[in-house]
Structure formats: C-alpha cells, structure tokens
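Some notes on the structure that comes next.
These numbers come from the heavy atoms of this one structure, side chains and all, not from hydrogens, waters or symmetry mates.
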Amino acid sequence: MPHLLERSPIEAVPVQLDGDERLARNEMRRQIARLERELTELFASAFPRKRIEWDVAPAGGPRLLGIGELEEIRDGLANRIADVRGVLGDRAYVETKNRELLERMIAEPERFKWMRISNEDIGEPGCQHWHSRPRWGLLGMLVGWWRVKLSSGCPL
Amino acid sequence: MTEAELVPEQGWVAPRVAEEFPGIAIAWVEVEGPSGKSPEPVKRRLRQMSDRFHGGHAVHMRERPIPWAYRVFFRQIGLDPDRTRTPVEELALQRMKGGAFKSRNHLDDALTIAIVETGVALRAFDFEQVAGRLGIRLSGPGEELEGRPGELPHGTLVVADEERPLGLLFGATAAGRGVQPHTERILVAAVQVKGVPQIAVEEALWTCSIAMSAG
C-alpha cells in the first residue's frame with residue numbers, strides 16, 4: 001500500500017478534535033454512508049451493463065481522516081453517482097432505440113439485411129444475438145427470403 | 001471444539017477510535033493449527049458454496065447489510081472498496097474469476113467459509129506472536145509495521161497487540177505475525193464495524209472454528 005507511505009505524518013493527522021469538528025466529521029460520514037447506498041443501488045441496477053466507471057478516489061487509508069478529506073470523498077461519491085446516472089440514462093435511451101429496431105427487424109427482416117443486434121445492445125444479460133440472414137444461403141439472397149435467426153447463447 | 005467451549009474474547013478499542021467510529025470492535029478465538037491441507041468435509045463445503053454462489057449473488061452482495069456496512073466503513077477510513085476490496089467481496093470476485101471457491105489450505109478454506117457465509121471480516125495471526133490482548137488503535141509518531149519500509153503515517157488505523165501493530169486495519173499483516181505452515185496456535189480475529197450485528201460476528205468466529213476442527 002504505497003499510498004500510505006506517500007503522506008507525511010503532519011498531513012495524515014487530523015487537527016485535534018473539538019466537539020464541533022467531531023460533529024462535522026460524523027455528519028460527513030453519515031453523508032458518505034447515504035451516498036454509498038445510492039451508488040450501491042445504481043451498481044445493482046446497472047447490471048449487466050459493462051464499461052461503467054465506479055471508482056471513487058481513495059484518501060490513502062486506512063486512516064482517521066480529517067474533515068477536508070471526508071469532504072473530498074463525499075464529493076467524489078456525489079460526482080460518481082451523477083456520472084453513472086448520466087451514463088445509464090444515455091445507455092437506456094440507446095437500448096430503447098435498439099429494442100424498437102429489433103422489433104422492426106423481426107417484423108421485416110428483408111429491410112435489415114445482415115443486421116445483428118446483441119443482448120448487450122438492448123441492455124440484457126447473456127450473449128445471444130439476433131441476426132437477419134437469408135434462408136437457404138445464396139438462394140434466399142437471390143429470391144429475397146430473409147429471416148431473423150437467434151443465436152444459441154454464450155460459448156462454453 | 002464444542003460449541004460450549006467457544007467464547008470469543010473481546011478486544012480493546014482506543015478511546016479516540018471508539019469516539020470517531022461508534023460500533024467498531026474486535027473479537028477473536030484461538031483455533032488449533034497447523035493449517036495444512038483441508039480435510040474432505042471442508043473441501044466439500046467449499047464446493048457446495050461454489051454451487052450456490054452465482055453472478056447474481058456477487059452483483060447484489062453489496063446491497064446486503066453486512067457487506068454494505070464494510071463498504072461504508074472503507075470509504076470513511078479512506079479506502080475505495082472497489083480497489084481495496086472488503087474481505088467478502090474479494091472472495092466473491094475470486095469465485096467469479098476462478099469458477100469456484102478453490103481450496104488452498106485448511107485455515108484459508110475455513111476463513112473463506114466463515115466470511116462468505118456471514119459477510120464478516122476475519123483475519124488470522126500466529127497466536128504465539130501476539131503479546132496480550134488484541135485491539136484497534138491509531139499508529140503513533142514514528143511507528144512502523146514490521147517488514148515494511150518507512151514509518152506509518154501518524155493516525156493510521158492498525159490492529160495491534162499490547163506492544164506493537166500487528167497489521168493495518170483491513171490491510172497488510174506485519175512480518176512474522178501472520179500464520180505460517182508450522183503455526184500451532186492460530187488467532188482468528190473478527191473486525192466489527194457499525195451495522196454489523198454482534199451475533200454475526202459470533203457466528204463467523206464459530207463457523208471458522210468448526211471448520212478448523214473438522215477432519
């Protein structure tokens with residue numbers, strides 16, 4: 001844990017507490033707990049979406065943190081929650097559009113030749129994908145017989 | 001070991017730490033070593049746990065009260081639980097990456113069973129290398145953790161005996177204080193934080209003890 005060693009003892013020790021400061025730190029810790037709850041709920045609701053950043057910069061613990069450091073963690077959590085909400089909102093929009101596209105593709109496969117939509121594209125778990133392909137290969141291509149084929153899932 | 005024999009010892013918490021973190025505590029039991037290879041009943045239990053534990057459990061684990069309590073505490077002491085994982089989340093990640101809770105040795109397997117079943121953070125020390133009672137305190141000026149270069153930043157949270165730090169709280173163990181293959185007496189300690197019920201701590205220590213006495 002090299003970050004432990006990067007801090008000088010002077011930096012690391014919170015100012016000796018008086019009652020008000022301890023109350024402030026307690027309030028900061030309460031806010032951190034509340035924000036951690038929100039981030040936890042977002043994490044569960046985000047599954048199975050990938051490539052979402054969840055890190056919040058640590059303060060080089062395990063230490064008794066000062067009020068300023070607790071504030072930084074609280075703000076980091078709040079910013080992370082806002083970022084994740086934004087990312088999930090964008091993804092939800094794209095996934096809704098992809099679901100609509102999939103419905104149209106299933107209804108009229110010949111209009112969406114060779115198009116492929118995966119579970120990930122519509123925000124679902126698993127490795128299945130829908131693929132618009134010609135029936136009977138070349139013959140289907142020539143006469144315009146297309147269908148949507150659903151793959152069997154994840155490879156073992 | 002019978003159930004009646006198992007009474008966890010309660011450790012001390014420095015007043016400053018207790019003031020800042022109400023609910024923090026440390027308790028421990030002594031179990032017999034040496035650790036060695038796990039007996040079949042312990043391996044079987046790991047396999048059963050592996051079969052019961054799936055991706056959904058890992059995803060929703062942090063929503064459960066005890067794993068969540070440790071996540072919050074990690075944040076409050078300056079650790080990011082997505083980088084420095086809580087013990088139960090670290091095991092869950094290993095399970096998902098490895099496809100199973102893999103048997104390593106008797107002590108590690110017993111700790112895995114107890115941590116996964118209860119969510120409580122456990123760690124082990126060589127009983128003979130612990131002087132007096134265990135506790136949690138802040139490091140003092142100029143204090144070092146054996147086996148690591150440099151001084152600990154003043155104010156570092158450590159698990160300590162009555163003479164020296166034995167390890168960082170939720171971090172590295174001091175050189176020579178951890179369990180070795182030949183260790184005869186093992187101290188298994190549970191670190192409790194706000195939101196973790198006492199009964200869960202007792203269950204974790206009891207589960208680990210029973211697993212260590214198996215075979």
Seminar exercise, completed: Here the gap from A:Phe43 atom CZ to B:Asp82 atom CG, rounded to the nearest 0.5 Å, amounts to 7.0 Å

Exercise. Could you state the interatomic distance from CG (B:Leu152) to CZ (A:Arg63), rounded to the nearest 0.5 Å?
Worked result: 11.5 Å

Exercise. Side chain, backbone, both or neither: which part of A:Leu35 has an atom under 4.5 Å from a heavy atom of chain B?
Worked result: neither

Exercise. What part of B:Phe73 lies closer than 4.5 angstrom to a heavy atom of chain A: side chain, backbone, both or neither?
Worked result: neither

Problem set entry | Exercise: identify the closest heavy-atom pair between A:Pro58 and B:Gly78 | CB-O, 3.3 Å

For this session: Dump the intermediate steps for side-chain contact (heavy atoms from CB on, under 4.5 Å) on A:Asp55 and B:Asp80, then the final yes or no.
Result: CA-CA 7 Å; A:Asp55 282 6; B:Asp80 177 1; 3.8 Å; yes

Problem set entry | Spacing of CG belonging to A:Asn26 relative to CD belonging to B:Glu20, to within rounding of 0.5 Å | 6.5 Å

Exercise. Around A:Leu139, counting heavy atoms of other residues, nucleotides and ligands shown, do more than 12 lie under 6.0 Å from its CG?
Worked result: yes

For this session: Might you confirm whether atom CH2 of A:Trp114 has over 12 heavy atoms from other residues, nucleotides or ligands at distances under 6.0 Å?
Result: yes

Exercise. What is the distance from atom CE of B:Met61 to atom OG1 of A:Thr40, rounded to the nearest 0.5 Å?
Worked result: 12.5 Å

Problem set entry | Note, B:Gln76 side chain near A:Leu65 side chain (heavy atom, < 4.5 Å) | no

For this session: Mind running side-chain contact (heavy atoms from CB on, under 4.5 Å) on B:Arg75 and A:Leu39 for me, showing each step along the way?
Result: CA-CA 12 Å; B:Arg75 297 270 188 220; A:Leu39 194 63; 3.6 Å; yes

For this session: Evaluate the side-chain proximity of A:Arg29 to B:Val72: yes if any heavy-atom separation is below 4.5 Å, no if none is.
Result: no

Seminar exercise, completed: Between A:Ala57 and B:Arg83 the two heavy atoms that sit nearest each other are CA-NH2, 4.0 Å

For this session: Using non-hydrogen atoms and a 4.5 Å limit, figure out which bit of B:Arg62 sits close to chain A: side chain, backbone, both or neither.
Result: both

For this session: Starting at CH2 of B:Trp68, measure out to CZ of A:Arg37 and round the result to the nearest 0.5 Å.
Result: 4.5 Å

For this session: Enter the distance from B:Ile77:CD1 to A:Ile32:CD1 here, rounded to the nearest 0.5 Å.
Result: 11.5 Å

Exercise. In a check of side-chain contact (heavy atoms from CB on, under 4.5 Å) between A:Pro62 and each of B:Leu157, B:Val158, B:Thr84, which one passes?
Worked result: B:Leu157

